[in-house]
A.B. asks: 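Following this message is one structure expressed as structure tokens.
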There are 2 protein chains.
Amino acid sequence: MTTKREIQLERSKQSKHTKQPKQSKQFTMCQYAILASLAQEPRSGYDIAQWFAFVTKHFWSVGHSSIYPALADLEQRGLVEYTEVPSEQGPTRKVYHLTPSGTEMLMEWVELPAADAEVRDEQLVKALCYGFLPPERAIALLRMARARHVERKAHYEELARRREEEERTGDPHKAAAALGQRLTARRGVGVQESYIAWCDEAIAAIEEFHAQHNY
Amino acid sequence: MTTKREIQLERSKQSKHTKQPKQSKQFTMCQYAILASLAQEPRSGYDIAQWFAFVTKHFWSVGHSSIYPALADLEQRGLVEYTEVPSEQGPTRKVYHLTPSGTEMLMEWVELPAADAEVRDEQLVKALCYGFLPPERAIALLRMARARHVERKAHYEELARRREEEERTGDPHKAAAALGQRLTARRGVGVQESYIAWCDEAIAAIEEFHAQHNY
DNA sequence: AGGCGCATGTAAACTGTTACATGATTCG
DNA sequence: CGAATCATGTAACAGTTTACATGCGCCT
């Protein structure tokens, strides 16, 4: 009876009408990430998985079981193609590369403003409760976290150094790809540095808090 | 025929045998986050959703449709209880608070070392391709991103300031809760600061790159 | 002989989002 | 009168992870 309800009913009818022309689904973020990976250089599904795990883990990572179906879909839509290359170990590799329309689609997407980053950081959920923990326990946990981030910082610094070298090769495509990768590696360094600084700040804050509350 | 296969078959048999005693599922991260939220102060499902959206968005966030079933499950297991409080607007609020066993379970979990943070940052996937974009386009995109992070930095600074004040109240529980929240707000500030610094670095790197490649 | 890294894929299970569903009160 | 906020919940859907499945070659 209410107008609100009528609007909702109207909407549902419309959506049913417009359902049919919508056959081909949109691309997933995962697929754009794969295109971006292939824009750097041709790679197999296995290579992409390794690259996600070792190079882009601080901002993007999916397992191989998401990559293989995504590649198959991109291939069907003509955005990537592959050449079979025999491997010394294991089955023949399918080395994928971007097609012109794949490059076009990727660059169109790259020019769009990015959505907000999504973060799930268990450490900070726990940090919410560090005020309730005996200070030495909380500090011990923060020191462990700090050590992990120091290690990772070194990893991204190493990556950034390598890409910077690659930028000075003659090939303009390789240089442009290396620039992009260097930027993300530098972000990795920054993320780890700011986390290390936070651990130090948190340790100091907890010490100060307990010094003041039971002097 | 292979021994490997036999091991796998063995394993699958074992898992079938041990399946039955496993009746009650483990808690999800989401549920621990809700417990951590309630450790700060009693809240309704709606409150928790608001709090996730405005206070913990930089490290944890789920929609209300995940929160209500999670709360119902926690209640059934005796980790939280609620009291119905009439609201001026809308249905009666169910204000949840931790039970002693809920507090215990939370603190046990908090003392465990945290898993790695999971991040999905579209911006950095796009940054991988910024070497292929005309420099002024890439720089324009980075400037937009920078502006967003400047805004957010101010938001977390404001939150940190408020919690710091709360730490100086007489109530020791409130003060301890405020400490935890201040730590996470400070992390928010650090995250935004390092992102702003990265945007500046990236803009400079792109300018330099193009100056050198077509001088 | 067995474990590990390479290499590809599929299926079930889990987790979370979007949309659906309802309804009171306040404000313009 | 409609939009927005408060307030609770469910159902369908999407995306990912874990486990399943297979098999070669190298190393110990």
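Nothing here was measured: the structure is a model prediction, and the numbers come from that model.
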A.B. asks: Mind checking A/S65 for me? I need base, sugar-phosphate or nothing, with any heavy atom below 4.0 Å counting as a touch.
C.D. replies: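 Here A/S65 touches the bases of the nucleic acid.
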A.B. asks: Can you spot which of A/L98, A/L74, A/D73, A/T103 makes a side-chain contact (heavy atoms from CB on, under 4.5 Å) with A/L79?
C.D. replies: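 Going through the options one by one, the only one that passes is A/L74.
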A.B. asks: Could you tell me whether A/S87 contacts a base, only the sugar-phosphate backbone, or nothing, with contacts defined as non-hydrogen atoms closer than 4.0 Å?
C.D. replies: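 Here A/S87 touches the backbone only, sparing every base.
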A.B. asks: Working to the nearest 0.5 angstrom, can you tell me the gap between B/Q31 CD and B/L106 CG?
C.D. replies: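 Rounded to the nearest 0.5 Å, the CD-CG separation comes to 12.0 Å.
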A.B. asks: Distance-only, no hydrogens or angles: does the A/S61 side chain make a donor-acceptor pair with backbone N or O of A/K57 under 3.5 Å?
C.D. replies: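 Here the side-chain-to-backbone pair does not exist.
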A.B. asks: How many Å lie between OH on A/Y68 and C1' on D/dT16, as a whole number?
C.D. replies: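 These atoms are roughly 16 Å apart.
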A.B. asks: Is it true that A/D116 and B/R152 make a salt bridge, defined as a side-chain N closer than 4.0 Å to a carboxylate O?
C.D. replies: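 Salt bridge flag = yes for B/R152 with A/D116.
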A.B. asks: Mind calculating the distance between CD (B/Q26) and C1' (C/dA13) to the nearest angstrom?
C.D. replies: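 Roughly 15 Å, once rounded to whole Å.
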A.B. asks: What nucleotide among C/dA7, D/dG25, C/dT17 has an atom nearest to a side-chain atom of B/S66?
C.D. replies: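 Of C/dA7, D/dG25, C/dT17, C/dT17 is nearest to the side chain of B/S66.
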A.B. asks: Can you tell me which nucleotide in D/dT10, C/dA7, C/dG5 comes closest to the side chain of B/P69?
C.D. replies: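 That would be D/dT10.
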A.B. asks: What is the distance from CZ of A/R43 to C1' of C/dC6, rounded to the nearest Å?
C.D. replies: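 Taking CZ of A/R43 and C1' of C/dC6, I get 17 Å after rounding.
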A.B. asks: Check the distance between D/dT16's C1' and A/I34's CD1 and give it to me in whole angstrom.
C.D. replies: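 So the CD1-C1' distance, A/I34 to D/dT16, works out to 13 Å.
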A.B. asks: On DNA chain D, nearest-nucleotide positions of A/G63 versus B/E88: which is more 5'?
C.D. replies: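 Of the two residues, B/E88 wins.
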A.B. asks: For B/R161, is there an ion pair with B/E158 - N to carboxylate O distance below 4.0 angstrom?
C.D. replies: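 Judged by the 4.0 Å cut-off on N to carboxylate O distance, B/E158 and B/R161 do form a salt bridge.
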A.B. asks: Does B/Y46 put a side-chain nitrogen or oxygen below 4.0 Å from OP1 or OP2 of D/dC6?
C.D. replies: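 Result: yes.
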A.B. asks: Tell me: CD of B/E118 to C1' of D/dT17, nearest whole Å?
C.D. replies: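 The answer, rounded to whole Å, is 10 Å.
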A.B. asks: Can you tell me the distance, in whole Å, between the CZ atom of A/R120 and the P atom of D/dT17?
C.D. replies: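 Value for this atom pair: 13 Å.
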A.B. asks: NA contact type, A/T28, heavy-atom cut-off 4.0 Å: base, sugar-phosphate, or nothing?
C.D. replies: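 Result for A/T28 = sugar-phosphate.
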A.B. asks: Give the rounded distance in Å between these two atoms: NE2 of B/H64 and C1' of C/dT18.
C.D. replies: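 Rounded to whole Å, this separation is 10 Å.
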A.B. asks: Of the listed nucleotides (C/dC6, C/dT25, C/dG16), which one gets closest to any side-chain atom of B/W60?
C.D. replies: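 The answer is C/dG16, which lies nearest to the side chain.
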A.B. asks: Taking atom C1' of D/dT17 as reference, at what distance in whole Å does atom NZ of A/K57 sit?
C.D. replies: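 After rounding, the gap between these two atoms is 14 Å.
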A.B. asks: Answer yes or no: does a side-chain N or O of B/T92 lie under 4.0 Å from OP1 or OP2 of D/dA7?
C.D. replies: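 False: B/T92 side-chain N/O out of range (4.0 Å or more) of D/dA7 OP1/OP2.
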